[in-house]
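Numbering of residues begins at 1 and proceeds along the displayed sequence.
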Amino acid sequence: MARAGLTPQRVTIAGAELADEVGLDKVTMSQVARRLGVKDASLYAHVRNLEDLRGRIALLAADEKTIRIAEATSGRAGKDALVAFADAWREYAHEHPGRYTATQTRIRIDPDLAAAAAGPRRAVELTYGMLRGYGLTEPDLTDAVRLLRSTFHGFVALEASGGFAHERSPQRSWGRTLDALHTLLEHWPPSREGDSA
């Protein structure tokens, strides 16, 4: 029988908080149970297993990050939207490292949960919408999305691992990176023949 007050959402939040503290890969069902003050077996009435929990953490994080980006970019366009989008992404990664990792890791997610989750779909809409402001169409849109994700994720991952040891402030480099991305997006190279696939 499920413990009173315990819900899939409570278990997911406890797992997400733990992931931020110790790292997503170090979260165990036993640790989550201890955090909630219950026996391990109590959790299985709410989540199937550790993989299910990680999938739920990924969806929670996708929702949170998307809401933050949507609020930051609302009413903005062009470079203002790009900078607000990127800053919201980076801030979320700094504040919630375990949850952020869940959004960037290949995790098998329950298809029913994934279908009901608005975060991932909204993230795609926000990203493509911002890039359409630069006049991009397919297949350039997809290429630009991949460029932004690679740049943002690469930067925050290196930052988190202490990879920027140079005396120049990472914040200054971040600003210049966004300047460069804006310039590139405004002057996107023309597609080559056969690039439609």
Side-chain angles (χ1 to χ4, degrees), residues 16-17 19-21 23-25 57-107 109 114 117-192 195-197:
E17 290 171 350
D20 287 340
E21 293 167 17
L24 181 69
D25 60 334
I57 291 170
L59 292 176
L60 170 70
D63 283 341
E64 291 174 341
K65 184 161 75 84
T66 300
I67 288 167
R68 184 175 294 201
I69 289 171
E71 289 173 351
T73 58
S74 179
R76 298 175 186 266
K79 186 177 181 183
D80 285 346
L82 174 66
V83 171
F85 187 109
D87 285 347
W89 178 303
R90 183 174 175 228
E91 287 162 10
Y92 187 83
H94 285 177
E95 292 171 22
H96 299 290
R99 298 179 209 209
Y100 174 75
T101 297
T103 68
Q104 302 301 312
T105 304
R106 192 170 186 84
I107 298 172
I109 298 175
R121 282 191 310 278
R122 183 73 177 121
V124 171
E125 291 167 4
L126 284 168
T127 310
Y128 277 75
M130 178 191 62
L131 289 171
R132 282 190 192 96
Y134 284 98
L136 298 179
T137 58
E138 289 295 2
D140 296 328
L141 272 172
T142 295
D143 293 339
V145 167
R146 289 173 176 169
L147 171 67
L148 292 188
R149 183 179 178 197
S150 300
T151 304
F152 299 163
H153 177 63
F155 196 101
V156 299
L158 285 167
E159 200 171 23
S161 67
F164 295 140
H166 192 276
E167 63 184 25
R168 181 168 168 80
S169 159
Q171 181 59 38
R172 289 185 180 276
S173 296
W174 177 252
R176 294 297 287 151
T177 297
L178 299 183
D179 288 345
L181 283 174
H182 170 66
T183 299
L184 173 60
L185 291 169
E186 282 199 313
H187 303 283
W188 191 263
S191 295
R192 298 174 185 162
D195 264 1
S196 60

Nearest 0.5 Å, what's the [atom1]-[atom2] distance between [X] and [Y]?
{"X": "Glu17", "Y": "His96", "atom1": "CD", "atom2": "NE2", "result": "9.5 Å"}
{"X": "Asp143", "Y": "Trp188", "atom1": "CG", "atom2": "CH2", "result": "6.0 Å"}
{"X": "Arg172", "Y": "Arg176", "atom1": "CZ", "atom2": "CZ", "result": "11.0 Å"}
{"X": "Leu82", "Y": "Leu131", "atom1": "CG", "atom2": "CG", "result": "8.0 Å"}
{"X": "Asp140", "Y": "Leu147", "atom1": "CG", "atom2": "CG", "result": "11.5 Å"}

Fill in: Salt bridge Asp179-Lys79, side-chain N to carboxylate O under 4.0 Å
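A salt bridge is present here (some side-chain N lies under 4.0 Å from a carboxylate O).
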Is any side-chain heavy atom of [X] less than 4.5 Å from a side-chain heavy atom of [Y]?
{"X": "Asp87", "Y": "Leu178", "answer": "yes"}
{"X": "Thr103", "Y": "Lys65", "answer": "yes"}
{"X": "Asp25", "Y": "Thr105", "answer": "no"}
{"X": "Leu184", "Y": "Pro189", "answer": "yes"}
{"X": "Leu158", "Y": "Phe155", "answer": "no"}
{"X": "Phe85", "Y": "Arg76", "answer": "no"}
{"X": "Ile69", "Y": "Thr127", "answer": "no"}
{"X": "Ile107", "Y": "Ile57", "answer": "no"}

Please check: side-chain N/O of [X] versus main-chain N/O of [Y], any donor-acceptor pairing under 3.5 Å?
{"X": "Asp63", "Y": "Ala117", "result": "no"}
{"X": "Ser74", "Y": "Ala70", "result": "no"}
{"X": "Glu91", "Y": "Glu95", "result": "no"}
{"X": "Ser169", "Y": "Gln171", "result": "yes"}

Practice prompt. Give the C-alpha distance, both sets of side-chain angles, the deciding distance and a yes or no for side chain to side chain donor-acceptor pair (under 3.5 Å) between Tyr100 and His94.
Written response: CA-CA 8 Å; Tyr100 174 75; His94 285 177; over 6 Å; no
Item to complete: Indicate the ring-plane relationship of Phe152 and Trp89, choosing parallel, tilted or perpendicular according to the 30° and 60° boundaries.
Response: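 Plane angle over 60°, so perpendicular.
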Worksheet item: Where do Gly98 and Asp20 come nearest, in terms of heavy atoms and distance?
Response: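 Taking every non-hydrogen atom into account, N-OD1, 3.0 Å.
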